[in-house]
Amino acid sequence: MSTVTLDFVRIEMKLDGVNWTDVTADVVGAQGISFNYGISGHGPVDRYASGGKLNFVMDNSQSNSGAVLGYYNPRHDNCRSGFTLGCLTRVVLAAGTYYGEEEYSDLYYGAPWYKFHGKITSITVDSASYGERRSRVEVNDFVYEMGRQKMNLLDVQLTRRSDLFFGDIIGNMTTAPTSTTYSQGQETFTYAADDLRDERNTALGAAQKCVNSEFGYFYIKGDAGGGDHLVFEDRHHRVNSDPVSDLSNSNTVYPATLFSIEEVYNRVLTTAYPREIGVSAETLFTLQKALSIPAGGTAIIRGRYSDPDQRTDRIGGVGMITPVISTDYKFGSTEGPTIEDLNAYLTIAATYGGNEVEYSLINTFGSGGYLNLLRARGTAIRIYEPVVATSENAASQASYGVREYALTLPYQTDPLTAKDFGDVTVAAYAQPIKYLDGVSVVAKSGTVLNQIVGLEPGHRVTLLNSDMGLDDDFFINSIRIDILPGSILKATYGLRIAASDLVWLLGQTSYGELGTTTVLGA
């Protein structure tokens, strides 16, 4: 049997910002192409995507398609138009019908599968005089953007279902994924986003809080519609999923099966965060020093909410009040706490978020003035005295000692619900579980190749290997694809055993037995 060659692998770039251009002819195949994406790890809170990366090398010599030196050097006069940091880039694999092996030279025909999508974040150009005249390109996926963008004036969300709140977080960003799929969440958060701080919390951090409090997952996957597909799973989603593929074949390379005591948790401390809501409006922000605004000038400033009883403590706020003249702001011709003779000449607009306010202040007077008072009033949301619930498994502790795990649920306010989450975690992790990380498949036939093309994070797969005692289902957490010299495709999967996700619902054969694999309450 011959080795499959991948004549249908493409690297495409949006060089003009609108249309996709195939640049594969200038990719140095001998250097290979590699990319990875998905969820790293398999522990109780390994539920959110890590940043995905794509690496490949471009021909920067005169033998490239532009026939000029410096075609892929952003600082060179000959640089290809649009090739720069931030350029959208994707990997396309063809999926579909396989026609023959020796006889048809391993040809495949079918629809494209967009396996990876992101922006160029790094370009390393070799020396034109003494180097190989190569440009080494790194591309990061949407998760990189989530980790880079700070939250910006997102309102406190009241009685908000987890998937809707996840959408609020993504909608707060200035960029968006190509497509999304959000399953309906099981949790409705009484309060959400009140604990975010715009000066430090990113969209990725906010999404992690949301997913942990739902006990779901989120990740990026490829698809047939352009890739860059953002998925949110509720905690019941995987219970109802069926295997999509059997990876048990002669092309599969198994790592050693690891049973580690470091993966055993038999005492889980789960923290819930009750809120205290103010009974009336309080001052959550006060300008501490008069602000000078020149004639016709505009000042844009932000104020962070803090507890009026303890000004060093940041808090959230709801029901913010539109600024009232003389009560919430004073504008005067001279500096002084009571001076407000120019109030009529100040145009003020306040944009309230859940933890900050942004003011736009315009002085319409013919000379400069002083903002002598500015404050924001609303109802305070305080997080006081977190409650910790304990879940234990005595039999596991007798066998392995006490193995403790701290589980934090930022948007769970009910300690009893938190206890349910802890019980489920103990049920899944009190005994050693099979840990397979790095299961690899090399495409040596058309069937295997098409299997690799379509498998994505979140898919449930079967592994059967009697020599290793394997007869289990796993969920794909992460994927690494290496397109090796000679156009050989190798896929490596990070897996999470399905048993750790299938303890939520009754009535599911083999993993829904009450008291054995299913825990009531969650």
| said: Assess the residue pair Leu455 and Tyr493 against the criterion (side chain to side chain contact (heavy atoms under 4.5 Å, CB included)); give the C-alpha distance rounded to whole Å, side-chain angles, the decisive distance to 0.1 Å, and a yes or no. | reply: CA-CA 10 Å; Leu455 283 178; Tyr493 301 104; 3.6 Å; yes

Does a side-chain N-to-carboxylate-O contact under 4.0 Å join [X] and [Y]?
X	Y	value
Arg47	Glu214	no
Arg480	Asp482	yes
Lys209	Asp195	yes
Glu199	Arg197	no

| message | Quiz question: by atom type and distance under 3.5 Å, do the side chains of Ser34 and Asn55 form a donor-acceptor pair? | response | no

| message | Under a 3.5 Å threshold, yes or no: a donor from one side chain and an acceptor from the other, between Glu282 and Tyr305? | response | no

| task | Determine the sole option in Tyr182, Tyr217, Phe189 for which the ring pair (Phe, Tyr, Trp, His ring centres under 6.0 Å) test with Phe166 is passed. | result |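 Testing Phe166 for a ring pair (Phe, Tyr, Trp, His ring centres under 6.0 Å) against Tyr182, Tyr217, Phe189 leaves exactly one candidate, Tyr182.
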
| field | Pairwise side-chain contact, Val439 with Phe474, heavy-atom cut-off 4.5 Å (strictly under) | value | no

| query | Can you find a heavy atom in the side chain of Phe142 that is under 4.5 Å from one in the side chain of Thr178? | reply |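 With C-beta onward as the side chain, the pair stays apart.
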
Show the nearest heavy-atom pair for residues [X] and [Y], with the distance to one decimal.
X	Y	result
Pro308	Ile315	CD-CD1, 4.4 Å
Ala207	Met146	CB-CE, 3.7 Å
Ala203	Ile169	O-CG2, 3.6 Å
Ser40	Ser50	OG-OG, 3.1 Å
Gly317	Leu284	CA-CD1, 3.9 Å
Arg460	Asp242	CB-O, 3.9 Å

| query | Counting only heavy atoms not in Gln310, do more than 12 sit closer than 6.0 Å to its CD atom? | reply | yes

| field | side chain to side chain donor-acceptor pair (under 3.5 Å) partner of Asp194, chosen from Arg382, Arg275, Gln157 | value |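 With Asp194 as partner, side chain to side chain donor-acceptor pair (under 3.5 Å) holds for just one option, Arg275.
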
| said: Which label fits Phe35 and Phe116: parallel for a plane angle under 30°, tilted from 30 to 60°, or perpendicular past 60°? | reply: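 Ring orientation of Phe35 relative to Phe116: tilted.
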
| message | Is there a salt bridge (charged side-chain N to carboxylate O under 4.0 Å, His left out) between Asp126 and Arg136? Walk through the geometry before answering. | response | CA-CA 8 Å; Asp126 290 341; Arg136 305 175 193 281; 3.1 Å; yes

| task | Before giving the answer on salt bridge (charged side-chain N to carboxylate O under 4.0 Å, His left out), spell out for Arg496 and Asp46 the whole-Å C-alpha distance, their side-chain angles and the decisive distance to 0.1 Å. | result | CA-CA 10 Å; Arg496 181 187 185 105; Asp46 291 322; 5.6 Å; no

| message | Determine whether Thr174 and Gln149 satisfy the following criterion, side-chain hydrogen bond (donor to acceptor under 3.5 Å, both in side chains), listing intermediate values before the conclusion. | response | CA-CA 8 Å; Thr174 58; Gln149 294 191 26; 3.1 Å; yes

| field | Spatial distance of atom CG (Leu93) from atom CZ (Arg10) [nearest 0.5 Å] | value |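 That separation rounds to 9.5 Å.
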
